[in-house]
Amino acid sequence: MFSLSSTVQPQVTVPLSHLINAFHSPKNTSISVSASFSQNQHRDVVPEHEAPSSEPILNLRDLGLSELKIGQIDQLVDSLLPGFCKGKNVSSHWHTSHVSAQSFFENKYGSLDIFSTLRSSCLYRQHSRTLKRICSDLQYWPVFVQSRGFKTLKSRTRRLQSTSERLAETQHTAPSFVKGFLLRDRGSDIESLDKLMKTKNIPEAHQDAFKTGFAEGFLKAQALTQKTNDSLRRTRLIVFILLVVGIYGLLKNPFLSVRFRTTTGLDSAVDPVQMKNVTFEHVKGVEEAKQELQEVVEFLKNPQKFTVLGGKLPKGILLVGPPGTGKTLLARAVAGEADVPFYYASGSEFDEMFVGVGASRIRNLFREAKANAPCVIFIDELDSVGGKRIESPMHPYSRQTINQLLAEMDGFKPNEGVIIIGATNFPEALDNALIRPGRFDMQVTVPRPDVKGRTEILKWYLNKIKFDQSVDPEIIARGTVGFSGAELENLVNQAALKAAVDGKEMVTMKELEFSKDKILMGPERRSVEIDNKNKTITAYHESGHAIIAYYTKDAMPINKATIMPRGPTLGHVSLLPENDRWNETRAQLLAQMDVSMGGRVAEELIFGTDHITTGASSDFDNATKIAKRMVTKFGMSEKLGVMTYSDTGKLSPETQSAIEQEIRILLRDSYERAKHILKTHAKEHKNLAEALLTYETLDAKEIQIVLEGKKLEDCSPFGLCQWPSSSGNSPGREEMPA
Ligand SMILES: Nc1ncnc2c1ncn2[C@@H]1O[C@H](COP(=O)(O)OP(=O)(O)OP(=O)(O)O)[C@@H](O)[C@H]1O
Ligand SMILES: [Zn+2]
């Protein structure tokens, strides 16, 4: 007797000892997968003498029986059950057709149709009903459904053939560990042997062989389960190693490690950076701040010099100033000058949603720094960690973090060699406890650079690029009031990019002016189609501003006039103060108002009252602001006297109307002065507007040439004209009326 167990394709498993006697020696084949059975279900049916654990278990295919012929099956049955086939040579209709059916099956599936082979055997012919039922049941028997874990297998009643094909395919393509998952024990799906034999009415005589077959299958399944478990264990080990390597890689990646650090708090603060390459030489235009920090450098270099006299140096230094003025650069320079480690931390790194994470980062940072003293700890955006200790849903644990910072600052001695430099744009937002003596007790202001500082910064960054000798950094510095060091660096960089785009070999004033205007007013809008009428209005409007600026003594010198649309404007005139203005005189304020009025006055004089445009609104804004400040803040109105009026909404109606009256008078007078100048210089006004229509942009020298009545085309680059000095104070300037 033999039992059938199925794998990828139906296989027949028989007790090996019987088979070896009956047939030729076994062949090894590639993969043999047997159905797995529940150990609990079948352990009791394994005959001990039949299944020694050392005996290799093979199925028909292992034994080279996939090419089983009918005669061989009969022979097999005969050897297993002597006399079983004797005298039972019953002819069958299968006999004539099985060869073609079998070869068809082999052609189509590349393997033997074991069922048709079985059907042709004497076993089948003798017990056709029983075996037919077994064969047909086996096609739906759950033992075949080894890929039940797959969603593609929709029901238990799927046909054996398709299941086998699918599994066969998976076997070829899937890696071994997947196969392990595929072939996991499905014991609960398998009917017990006793039950099966009862329901299938197996004759008494055949039951032993059936049970033996089952036992063989069971042992086979056990061997397979062992193999699967090994492969799973190997897979888990590989996955674990990959995971460890992956996490290590993430931590080593600088960008990711920062992210990791900010989200886990598992790190030990930051790695120190040696700042040898950044010194005070790299920081320009902030001389006072550098001088103040020089003594800190001395302390870091030679702490004994200070401790001998019993002096104490501040533990913390607070750098206060607008963004981009070089606070971080200064802190780096302190570490670089002293040649000590520099620990950088941004306040926002300590701002955490999770309790204790921010505080633990502070602890780690200070622990590392103390271990490496002397050193500099720099905390950027100090206000985000050391802000006033208020409970807020946005920063639920800020109180804890700042307390930790205070504790750490108290926890080391002043002369321990750790200097903490904090930077903030909002010193007023800092917690008072943080700025008391003993903590951040030294405050250094880092302001926006003045014209001298800007010139130095521009020169520093110009020296890093190729620039033409005609470039005058001071002119750019004068036109960049309020620019920070970072903005000036950006200006030079943008000029270099522009020169590269235009295919120039070096940066000239043109590119520097271009990038300045771009930063101040937005990019050029060359693509904007402006009709001639509007262009003409713009040219006369801008010339109006330029003429007033040129002929008014206290106005700032002109730098440039253009009718190239840029940002929200259709054109503009830029004026350059000779120096940064710390104070402005009444005459200078009135001159600024007059220059603002020049645009509208020009429109009115040239095109008539009915054709004035909306283009002067920002000019009026500007002029009105100046007039209002003169009256309400600077005590420059005779009628209202030397008094400030801060909240004009709370003033009496009389005072309010008096203020309005004064402002109106100032603006009206300004308008009249501008009108007078433009009427007086109508010819120059016209020449300048036409030059602008022709050349689009004119610089200070070109404007002066036009206003002196010369033609620009006569002044070739070969020097036919004498360029006037660039001081900007034209000889034609009129005295400002009082
Ligand atoms: N005074 C300066 N001299 C030279 N370069 C400067 C100066 N100020 C700023 N820079 C340039 O601008 C960059 C940014 O400056 P930095 O980060 O030091 O400014 P910050 O004051 O710390 O700004 P924030 O307050 O936004 O942190 C610097 O790396 C440097 O290249
Ligand atoms: Zn204007």
Side-chain angles (χ1 to χ4, degrees), residues 275 277-290 293 318-336 342 344-348 378-384 421-427 444-450 452-464 477 483-493 521 537-549 561-563 568-575 592-604 612-623 674 678 692:
M275 283 289 129
N277 53 344
V278 182
T279 61
F280 282 146
E281 186 54 26
H282 295 77
V283 198
K284 302 285 176 191
V286 280
E287 295 312 314
E288 291 81 2
K290 281 201 277 188
L293 291 171
L318 189 62
L319 300 180
V320 179
T325 45
K327 298 183 291 295
T328 311
L329 202 62
L330 270 171
R332 284 177 186 271
V334 168
F342 177 80
Y344 175 91
S346 175
S348 54
F378 178 67
I379 305 177
D380 208 353
E381 305 168 43
L382 187 66
D383 43 289
S384 57
I421 303 181
T424 181
N425 306 328
F426 310 101
V444 175
T445 309
V446 189
R448 287 203 174 88
D450 58 9
K452 190 164 160 272
R454 291 198 299 275
T455 312
E456 273 181 33
I457 295 172
L458 283 167
K459 277 185 189 161
W460 174 256
Y461 287 111
L462 276 169
N463 279 328
K464 297 182 187 234
F483 273 47
S484 66
E487 283 168 324
L488 292 169
E489 184 187 5
N490 180 34
L491 186 152
V492 174
N493 186 50
M521 280 174 286
I537 294 172
T538 308
Y540 275 95
H541 178 111
E542 298 308 334
S543 304
H545 289 307
I547 294 283
I548 308 291
T562 180
I563 55 166
T569 66
L570 288 179
H572 71 272
V573 170
S574 75
L575 307 175
Q592 281 179 42
M593 285 169 60
D594 295 358
V595 172
S596 295
M597 294 296 183
R600 165 57 71 80
V601 172
E603 285 179 30
E604 190 194 320
I612 53 174
T613 69
T614 55
S617 87
S618 64
D619 296 334
F620 292 148
D621 266 354
N622 192 30
L678 278 187
L692 271 179

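Both counts, for ligands and for their atoms, begin at 1 and track the order of listing.
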Student: In the protein, which heavy atom is nearest to atom 14 (C) of ligand 1, and how far is it?
Tutor: Ala486 CB, 4.0 Å
Student: Could you tell me, atom by atom, which parts of ligand 1 come under 4.0 Å of a heavy atom of Val283?
Tutor: 1 (N), 3 (N)
Student: Over all heavy atoms of both residues, which pair between Ala539 and Ile563 is shortest? Give the atoms and the distance, please.
Tutor: CA-CG2, 3.7 Å
Student: Flag the pair Glu287 and Lys284 as a salt bridge only when some basic side-chain nitrogen lies within less than 4.0 angstrom of an acidic carboxylate oxygen.
Tutor: no
Student: Just by distance, do the side chain of Glu487 and the backbone of Gly324 share a donor-acceptor pair under 3.5 Å?
Tutor: no
Student: When you measure from atom 19 (O) of ligand 1 to every protein heavy atom, which one gives the shortest distance, and what is it?
Tutor: Gly326 N, 3.3 Å
Student: Checking side-chain polar atoms at under 3.5 Å, does His282 have a donor or acceptor matched by the opposite partner on Thr279?
Tutor: yes
Student: If you measure every N/O of Ile457 against every N/O of ligand 1, is any gap under 3.5 Å?
Tutor: no
Student: Please state which protein non-hydrogen atom is closest to atom 22 (O) of ligand 1 and give its distance, to 0.1 Å?
Tutor: Thr328 OG1, 2.5 Å
Student: Would you mind listing which atoms of ligand 1 come within a distance below 4.0 Å of any non-hydrogen atom of His282?
Tutor: 3 (N), 4 (C)
Student: Quick one: side chain to side chain donor-acceptor pair (under 3.5 Å) partners of Asp621, sequence neighbours excluded?
Tutor: none
Student: Name the orientation class of the two ring planes belonging to Phe342 and Phe378 (parallel below 30°, tilted from 30 to 60°, perpendicular beyond 60°).
Tutor: parallel
Student: Checking a contact table here: which protein heavy atom is nearest atom 5 (N) of ligand 1, and how many Å away?
Tutor: Tyr461 OH, 2.6 Å
Student: Between Leu319 and ligand 1, which residue portion shows a heavy-atom distance shorter than 4.0 Å: side chain, backbone, both, or neither?
Tutor: neither
Student: Does any N or O in the side chain of Arg454 come within less than 3.5 Å of the main-chain N or O of Ser484, such that one atom is a donor and the other an acceptor?
Tutor: no
Student: Leu329 heavy atoms, cut-off 4.0 Å: which ligand 1 atoms fall inside?
Tutor: 4 (C), 5 (N), 6 (C), 18 (O), 30 (C)
Student: Measure across Thr562 and Glu542 and return the closest heavy-atom pair with its distance rounded to 0.1 Å.
Tutor: O-CG, 3.8 Å
Student: In chain order, what residues pass the side chain to side chain donor-acceptor pair (under 3.5 Å) check against Thr325, with sequence neighbours excluded?
Tutor: none
Student: Tell me the contacting part of Asn425 for ligand 1: side chain, backbone, both, or neither, using a 4.0 Å heavy-atom threshold, strictly below.
Tutor: side chain
Student: Which pair of non-hydrogen atoms, one from Asn425 and one from Pro322, has the smallest distance, and what is that distance?
Tutor: OD1-C, 3.8 Å
Student: Hey, is the Zn ion (ligand 2) within less than 2.8 Å of some N/O/S atom on His545?
Tutor: yes
Student: Taking only heavy atoms of Glu489, which atoms of ligand 1 are found under 4.0 Å from at least one of them?
Tutor: 11 (C), 12 (O), 13 (C), 30 (C), 31 (O)
Student: Does ligand 1 have any atom sitting under 4.0 Å from a heavy atom of Gly324?
Tutor: yes
Student: Atom 7 (C) of ligand 1: which protein heavy atom is closest, and how many Å away?
Tutor: Gly485 CA, 3.9 Å
Student: I want to confirm something. Looking only at heavy atoms, which of Lys327, Lys284, Lys290 is nearest to atom 2 (C) of ligand 1?
Tutor: Lys284
Student: Have a look at ligand 1 and work out which part of Trp460, if any, has a heavy atom under 4.0 Å from it: side chain, backbone, both or neither.
Tutor: neither
Student: Who's the nearest protein heavy-atom neighbour of atom 27 (O) of ligand 1, and how far?
Tutor: Asp380 OD2, 3.5 Å
Student: Nearest N/O/S atom of Asp619 with respect to the Zn ion (ligand 2), by atom name, please.
Tutor: OD2
Student: Nearest heavy-atom pair of Lys327 and Thr424: which atoms, and what distance?
Tutor: CE-O, 4.0 Å
